[in-house]
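Quantities reported herein were computed from a predicted structural model and do not represent experimental measurements. In the text below, chain A, chain B and the rest are named by the order of the sequence lines, each starting its count at 1.
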Amino acid sequence: MKVAVCLKRVPDTTTKIVIGSDGKSIDENGVKFVPNPYDEYALEEAIALKERAGAGETVVYSLGGDSSQETIRTALAMGIDRGVLLQGAGSADGFEVAKTFAAELKGGGFDLVLFGKLAVDDYNMQVGPMTAELLGVPCITTVAHLTLANGAIEAEREIEGGIEVCTCSMPAVLTIDKGLNTPRLPSLKGIMAAKKKPLEVRPVHVGVGTLMVSSLTLPPERLAGRIVGEGPDAVPALVSLLRTEAKVL
Amino acid sequence: MTAILAVLEQRSGAIRKVSHEVLAAARALADAMGGGTTVDAAVLGGDTLDGVAALGPAGADRVLVAKRGDFALYNPDGYAATLAEAGKSYAVLVLAATATGRDLAPRIAARMGVACATDVTAMGVEGGGISATRPVYAGKALQRVVLSGKPAILSVRPNTFAAGSFGKPGTVADLAVPPFTARVTVKEIKAPAQAALDVTEASIVVSGGRGLKEPANFKLIEDLAQAFGNAAVGASRAVVDAGWREHGAQVGQTGKTVAPGLYIAVGISGAIQHLAGMRTSKVIVAINKDKDAPIFKVADYGIVGDLFEIVPRLTEAVKKVRAEQ
Ligand SMILES: Cc1cc2nc3c(=O)[nH]c(=O)nc-3n(C[C@H](O)[C@H](O)[C@H](O)COP(=O)(O)OP(=O)(O)OC[C@H]3O[C@@H](n4cnc5c(N)ncnc54)[C@H](O)[C@@H]3O)c2cc1C
Ligand SMILES: Nc1ncnc2c1ncn2[C@@H]1O[C@H](COP(=O)(O)O)[C@@H](O)[C@H]1O
């Protein structure tokens, strides 16, 4: 079982967002970066699949600057065999990112390529399925339940008001949702071993594409609300406001 | 002539409510583009389809229909192949940012070799391209992008664009389906154990948190939702992780993003990750016994006090108002 995982380095979800001086990106000063949370489920799945198969290889790819090496080491500490840093600037245009991954993964002989369902910074939700299209392989997105048997995949994805049961064959691309597994924490032994695992750095050039960021702004503050009252006696006042002022009842 | 293609969705042969929002959004963009830009609607479905006649009045100049047995359920490769082919005649493709639209939009974009903007909350025209505003960093910032590809492909966030009525009939034509290889098959749609209205689709969401103390008390939340008639039940991650509610009900950064007309948070503290999923709701009500709970900072209306006393009273009051209407 040969599995690749695409792992993105993103700001920690509790980060307070400050707009950078270019007005198009965030100010990274003092921001703590972490592995994209959904990608951690993908990493766990890759490691577990190889363990279950008893043989194979797991490889993590990240597109970004040198600081992404630290993120890759975290994956190696969890148990991924080796890492590749595609050294270059990412892009808001998910298609350009997908082209970069497709070029890299093509001919890699992977049975599965795993992505997170979305990156919590850009919320694009597109690099996985786009890469699959470019590679010409089946793709199931937002997988929350997975069964593999004899090269056949059955996956469940949550849709509005139900669960879609999908099947395809391998090789395939899957994007992973929360709930598929519980990612393991790197052990001390894993952290030591990670230092010696191969991490290749390969410069890449990401194209300009057809999507340009024109601005990044903070959302308008919600107007300060009001406390209608205390306890059950405030209910009539609330109901009346919902009817006459908010007009939602 | 410039034209926009609105990609609609059906479930069990009925056009989905969100598709009327997509049509209205496409119609508004057509007006912004000017020059008599027209809007076509594409519907891909099985052998029976209801609601096609209503699509003209909902904003479509022309409705293009592809009916086939293997299109009754979502067919990722077949839908993508059909729309990538049809898309060649359009300046813009608009989809819904639903489970289907989020899966489909990037596939069409990749097949057509252009970018796509997902989860869009506003659209317009900027410097010869199509501009789109989209929440990023869990709604903590708004990114404005300009798409210069032909076509520009966008998916719009549900509950953001109001469906409209344009009072004219549209014409209906066939949508051609090119040959394709179905690499992925959708076998079936399983109903969830707690079958209910989905939080992303409801115009009212009532959510409960750890303040409810134990799972059985979610009955209070269900009763309040029921009193509104058309409300969905949501939950904080704390109670989903504790196994009180299904993952599908979770609102927040690692759950769903909702933007209903009314969001009621009961016994939810309002952690930043919860706010990420509901802060763009039009009206927010909070019920919490802690007057300093962060949820009150985003709530339009709050009641401080014990939910076990307040919620039953609110349920009764809502029932009474609705009975009088
Ligand atoms: C990476 C990450 C992602 C996350 N994603 C999400 C997410 O998607 N969604 C999410 O919700 N959370 C998410 N969280 C968790 C989040 O940080 C909070 O822990 C969680 O939202 C708290 O849930 P709660 O408000 O139900 O519980 P608590 O924080 O325990 O709040 C319970 C509230 O109930 C009130 N209360 C208690 N008793 C009563 C009573 N009798 N009457 C009235 N009020 C009462 C209390 O005053 C309190 O404010 C995430 C966390 C992390 C680290
Ligand atoms: N720069 C990147 N490096 C590595 N993986 C990435 C990168 N950008 C996106 N991905 C992968 O694509 C998934 C979806 O990202 P997105 O389409 O940007 O929401 C992420 O969860 C990652 O698995």
What residue, out of B:V311, B:V114, B:T280, has the most heavy-atom pairs lying under 4.5 Å from chain A?
B:V114
What part of A:N124 is in contact with chain B, defined as an atom under 4.5 angstrom from a non-hydrogen atom: side chain, backbone, both or neither?
both
One option among B:L262, B:D103, B:T133 has the most heavy-atom pairs under 4.5 Å with chain A, and it is B:D103
Could you name the residues of residues 270-279 of chain B that have a heavy atom within less than 4.5 Å of a heavy atom in chain A?
B:I272, B:Q273, B:R279
Residues of residues 230-249 of chain A with a heavy atom under 4.5 Å from any heavy atom of chain B, in residue-number order, are A:E230, A:G231, A:P232, A:D233, A:A234, A:V235, A:L238, A:V239, A:L241, A:L242, A:R243, A:E245, A:A246, A:V248, A:L249
Could you please spell out the steps behind the ring pair (Phe, Tyr, Trp, His ring centres under 6.0 Å) verdict for A:Y61 and A:F101?
CA-CA 8 Å; A:Y61 289 86; A:F101 282 132; 7.2 Å; no
Cut-off 4.5 Å, heavy atoms of chain A, and the answer for B:S155 is neither
Considering the options A:V204, A:T131, A:V127, which one meets the side-chain contact (heavy atoms from CB on, under 4.5 Å) requirement together with A:T100?
A:V204
Below 4.5 Å from any heavy atom of chain A, which atoms of B:D241 appear? Answer side chain, backbone, both or neither.
side chain
Quick one: what part of A:P37 sits under 4.5 Å from any heavy atom of chain B, side chain, backbone, both or neither?
neither
Let me know if B:P312 has heavy atoms under 4.5 Å from chain A in its side chain, its backbone, both or neither.
neither
A:E221 versus chain B, heavy atoms under 4.5 Å apart: side chain, backbone, both or neither?
neither
Which region of B:V199, side chain (C-beta onward) or backbone (N, CA, C, O), has a non-hydrogen atom less than 4.5 Å from a non-hydrogen atom of chain A, or is it both or neither?
neither
Chain A contact via B:E201 - side chain, backbone, both or neither, heavy atoms under 4.5 Å:
side chain
Pick from B:V18, B:V283, B:T185, B:V136: which one has the most heavy-atom pairs with chain A under 4.5 Å?
B:T185
Just wondering, more than 12 heavy atoms not from B:K17 lying within 6.0 Å of its NZ?
yes
Cut-off 4.5 Å, heavy atoms of chain B, and the answer for A:E154 is side chain
Pick one of side chain, backbone, both or neither for B:E316, based on which atoms fall under 4.5 Å of a heavy atom in chain A.
neither
Is a side-chain donor-acceptor pair under 3.5 Å present for B:R237 with B:T254?
yes
Under 4.5 Å from a heavy atom of chain A, the part of B:I284 involved
both
For each of B:G127, B:G113, B:A132, B:P158, tally heavy-atom pairs with chain A at distances under 4.5 Å, and name the one with the top tally.
B:G113
Proximity breakdown for A:V137 and chain B, heavy-atom pairs closer than 4.5 Å
backbone
Examine the side chains of A:E45 and A:N181 and answer whether a donor and an acceptor come within less than 3.5 Å of each other.
yes
Judged by modelled atom types alone, do B:R102 and A:T141 share a side-chain donor-acceptor pair under 3.5 Å?
no
Under a 4.5 Å heavy-atom cut-off, does chain A meet the side chain of B:T200, its backbone, both or neither?
side chain
Atom group of B:D306 that falls short of 4.5 Å from chain A, counting heavy atoms
neither
Residue selection (most heavy-atom pairs with chain A, distance under 4.5 Å) from B:G305, B:G149, B:A232
B:G149
With a 4.5 angstrom heavy-atom cut-off, is it the side chain or the backbone of A:F95 that approaches chain B, or both, or neither?
side chain
Apply the side-chain contact (heavy atoms from CB on, under 4.5 Å) test between A:V173 and each candidate in A:L105, A:V113, A:L112; give the one that qualifies.
A:V113
If you count heavy-atom pairs under 4.5 Å with chain A, which of B:K150, B:K289, B:R11 comes out on top?
B:R11
Given a strict heavy-atom distance threshold of 4.5 Å, which part of B:A138 is in contact with chain A: side chain, backbone, both, or neither?
both
Pick one of side chain, backbone, both or neither for A:T217, based on which atoms fall under 4.5 Å of a heavy atom in chain B.
both
